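Reading through the structure tokens given below for one structure.
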Amino acid sequence: MQKRIFGVETEYGIIFTPEGRKTLPVEKAIRFLFEKLITTEHFLNVFLENGARFYQDTGCHPEYATPECASPRDVIIYDRAGERILEDLQGYAEEKIREERVPGKLSIFKNNTDFVGNSYGCHENYLVDRDVDFYYLAEQLIPFLVTRQIFSGAGKVLQTQDGVRYHISQRAQHIYQKISGTTTNDRSIINTRDEPHADREKYRRLHVIVGDSNMSEYTNFVKIATCAVVLQMIEDNFINKDFTLRHPVKAIKDISYDTSCKNKIRLENGREFSPIEIQREYCDMALRYMEQATVSDQLRKAVGDWAEILECLEHDPDKLDRKIDWVIKRKLIQRYIKKHGISLEDPRVMMIDLQYHDIRMDRGLFYLMERAGSVDRILSDEEIVKAKTEPPQDTRARMRGDFIKLARQNNIQYDLDWSNIRLGNLLNVRVICNNPFETDTEKVTELVRTIQKTNLRRTSLSKLVIQS
Amino acid sequence: MRVIQEPGRSPLRSAGIWGAAEGQSQKQRGGGGKEKDGAGGDGAGQKKIAKKGEDLKEEMDSLIEEIDEVLEENAEEFVKNYVQRGGE
């Protein structure tokens, strides 16, 4: 598929640290986060003006799902906008907490692990062609997903039996299956959830739950865009090599442990390759694929970056200390340790590992490095700010975002999900949009106009369904 | 504005095509300061490299100072108490 819908769901860690004896349950802190969102929808589950969804997920985590995006770059803009939206809400929640007179600090982290070994995810969604056999696709993709952490990992200081060690990935320790239907226990690399929020006969949803939440725009872009290239090659039947791993779940943990990225892992056919070598095979294939196939400019750019990253990982990984999350964080920790003459076991190191992901601009260490010009950026602040309120213009999210704005201005009751809009006092008018590429906002404007004219309070418009 | 790569460009020379954002940050970095960039250079070149190295060290020192200003004071306590319910 050359045209594809992308979406990323990010679960955030949240904690309130009291300063006195009085504390605040996390449930209440989350309610404060949602309180500012004026909505007629269900509490703790809201669609935003930019088309995104913000809700409370399993385990009391605030979760933000980007709107449907038509390119990897857009999806990372909207993911980043989610950080800023949540930071605004955090500011409001902090005010409410002060009003309650509970002294303390509210912290929100865009990471994937806590201190005792719980995990919360960053899920990538790719719309894929229904014609491609899902299990074939998954088998082809898994070796790529297992090894890509060498450039997509967010880094983790982890206490192990051998002492404290720096690992490449946050999520790797929490993966137990290749493919499964659950997301909370027996977490897998690929989840079988198939909710395309689109025409089921044409599309299915690929739900990748193995990734780390990224702070670096560069890492985030390369993670999504390289996966899109590999998917396109699989759909086009271009992959002619078999990288099936003998023990993918064990490999994911072994690779996370090996910061040299050069230890060999075994394939099903008995041959052994390092994660760099496996990635290079995929990358070389992508370079050949681009010579003959139609590939978007963004994906071409990503493949160029990919080749460059693998070159650096092979010869001098520190060259990636402005681009790749796990290398940025490692360099920061190394410098901190050296400056203060402390060891990796020092609690301050664990704190750096955590605070790297703090979403408050004035506390988050990643943002601090960004301000100091110590990391590379690919987005501008303007486009991130814009994405907080403006939906993508080239997907269905545009209709949803514009509708929400109109409905709020006109005090119209509504209820939403990804492909439906219900409105009117009895929510008896319904717009169905099964095509995520549809952007026709005229339909929505027309609908709102009709509603205003007919005045649903008095007429009994029994059921109006508009299918697009 | 979207900054994208022109098709057909060699991947290994793609550095710097992220446009303004990257150009700017590279400038801030003050030339990168990788010692081996200038290996085999003349005396002046080596001085320049040493200067670059100092700049980079100063930059890092001030970054670490800034981190110490914002880093959670009760690190041990905070980290141990950071317990979440498992998510998805």
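Excluded from the calculations below are hydrogen atoms, water molecules and symmetry mates; all remaining heavy atoms, backbone and side chain alike, are included. Here is the naming used below: chain letters follow the sequence lines, and residue numbers restart at 1 for every chain. These numbers come from a predicted model, not from an experiment.
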- Query: Do you know which of S119(A), C122(A), S107(A), G364(A) has the most heavy-atom pairs under 4.5 Å to chain B?
  - Reply: S119(A)

- Under 4.5 Å from any heavy atom of chain B - which part of D346(A): neither

- Task: State, yes or no, whether a side-chain contact exists between Q84(B) and V116(A) at a heavy-atom distance under 4.5 Å.
- Result: no

- Task: Give, as side chain, backbone, both or neither, the part of V26(A) having an atom under 4.5 angstrom from any heavy atom of chain B.
- Result: side chain

- Select one option (side chain, backbone, both, neither) describing which atoms of R335(A) are under 4.5 Å from chain B's heavy atoms. both

- Task: Answer whether the closest heavy-atom distance between the side chains of F78(B) and M351(A) falls below 4.5 Å.
- Result: yes

- Task: Would you mind telling me which of K105(A), R348(A), R363(A) makes a side chain to side chain donor-acceptor pair (under 3.5 Å) with E72(B)?
- Result: K105(A)

- Query: With side chains defined as the heavy atoms from C-beta onward, is the minimum distance between I209(A) and E88(B) less than 4.5 Å?
  - Reply: no

- Atom pair OH (Y82(B)) and CG (N111(A)), whose distance is rounded to the nearest 0.5 Å: 4.5 Å

- Query: Should N74(B) and T17(A) count as side-chain neighbours, where that means a heavy-atom distance under 4.5 Å?
  - Reply: no

- Message: Please determine whether the number of non-hydrogen atoms from other residues, nucleotides or ligands lying under 6.0 Å from atom CD of Q292(A) exceeds 12.
- Response: yes

- Does any non-hydrogen side-chain atom of Q355(A) lie less than 4.5 Å from one of V70(B)? yes

- Are there more than 12 heavy atoms of other residues, nucleotides or ligands under 6.0 Å from atom CD of E77(B)? no

- Message: What's the separation between atom OH in Y336(A) and atom CG in L63(B), rounded to the nearest 0.5 Å?
- Response: 11.0 Å

- Query: If you round to the nearest 0.5 Å, how far is CG of D61(B) from NZ of K339(A)?
  - Reply: 4.0 Å

- Where does M290(A) contact chain B at under 4.5 Å (heavy atoms): side chain, backbone, both or neither? neither

- Note: V79(B) and P347(A) closest approach over all heavy atoms is CG2-O, 4.3 Å

- Query: Are E27(A) and R85(B) within salt-bridge range, i.e. N to O under 4.0 Å?
  - Reply: yes

- Message: Using heavy-atom distances under 4.5 Å, tell me whether S296(A) contacts chain B through its side chain, its backbone, both, or neither.
- Response: neither

- Item | Shortest non-hydrogen contact from I15(A) toward N81(B) | CD1-O, 3.2 Å

- Residue part contacting chain B, namely of R360(A), when any heavy atom lies under 4.5 Å: neither

- Heavy-atom side-chain proximity of H340(A) to I64(B) below 4.5 angstrom: yes

